[in-house]
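Proteins get letters first, then strands, A, B, ... in listed order; numbering begins at 1 in each. Values reported hereafter were calculated over all heavy atoms of this structure, with side chains retained and with hydrogens, waters and symmetry mates removed.
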Amino acid sequence: MGAPRKKPAVTTATPLTEYQSYHAIIRQIPRGSVLTYGDVAQLAGRPGSARRVGYSLAALKDQTVPWWRVVNARGEISERSGDFMGAAQVEQRVSLLREGVEFDADGKLDLARYRRGAPG
DNA sequence: ATTCTGACTTGGG
DNA sequence: CCCCAAGCCAGAA
C-alpha cells in the first residue's frame with residue numbers, strides 16, 4: 001500500500017490506565033455500600049490483581065473517588081504503610097459511619113449486608 | 001534497560 | 001481462629 005503510515009494527526013484517546021479503570025469502578029459505588037479490593041479488580045476484568053487496587057488508591061490524587069468504600073475481603077478497613085497512628089483508617093471508618101455503615105466490636109462490617117448488590 | 005514494591009486474595013495446614 | 005506461600009503486574013526509582 002502506498003503512503004507510509006504517519007503519526008495520527010489527532011492524539012488518540014489514551015486508554016485508561018489500569019489505575020483509572022479501578023477508580024472509575026469505585027466512583028460508582030453508591031453511598032452506604034462497599035466493595036472489596038477483589039471485587040473492584042474483578043469488575044475491572046483483572047481478577048487476581050486485588051493488591052494493585054489498593055496500590056492505585058495509595059497513589060490517588062483524585063478527590064472525587066470515594067476510596068473509603070473499599071474494604072478488604074474480611075470486611076475490615078485495611079492498614080496502610082506510613083499511616084501515622086492509623087489516622088487514615090479512622091478517617092475511613094468515620095466516612096463509612098456517616099453513610100450509615102455499622103461496625104461490630106471487632107471493627108468489622110457485615111459484607112453480606114453492605115457489599116454493593118447485597119440485599120438489605 | 002532492570003529491580004523493587006505493595007490500602008489484597010485464596011487456599012492449605 | 002491463626003499463620004504462611006504463592007499469585008498478581010503496573011508504577012516508581
Note to self: As a test of reading the structure: which of C/dC1, B/dT9, C/dC9 is closest to the side chain of A/K108, going by heavy atoms?
What the structure shows: C/dC1
Note to self: Without decimals, in angstroms, what is the distance between A/Y19 OH and B/dA7 C1'?
What the structure shows: 11 Å
Next item on the list: Ignoring backbone atoms, test whether A/S81 places a side-chain nitrogen or oxygen under 4.0 Å from the OP1 or OP2 oxygen of B/dA7.
Entry: yes
Check: Please give, in whole Å, the distance from C/dA12 C1' to A/R51 CZ?
Finding: 15 Å
Notebook entry, point to check: Contact class for A/A58 vs. all strands (heavy atom < 4.0 Å): base, sugar-phosphate, or nothing?
Noted result: base
Notebook entry, point to check: Roughly how many Å is it from CD in A/Q42 to P in B/dT10, rounded to a whole number?
Noted result: 9 Å
Next item on the list: Calculate the interatomic distance between A/D39 atom CG and B/dA7 atom C1'; express it in whole Å.
Entry: 15 Å
Margin query: Does A/Q89 reach a base, just sugar-phosphate, or nothing at all? Heavy atoms under 4.0 Å.
Written below: nothing
Notebook entry, point to check: When you measure from the side chain of A/S78, which nucleotide among B/dA7, C/dC9, B/dT9 comes out closest?
Noted result: B/dA7
Check: Would you call A/D62 and A/R27 a salt bridge, using N to O less than 4.0 angstrom?
Finding: yes
Check: Rounding to a whole Å, what distance do you find between A/R80:CZ and B/dC8:P?
Finding: 9 Å
Next item on the list: Looking at every strand, decide which applies to A/S56 at a 4.0 Å heavy-atom threshold: base, sugar-phosphate, or nothing.
Entry: nothing
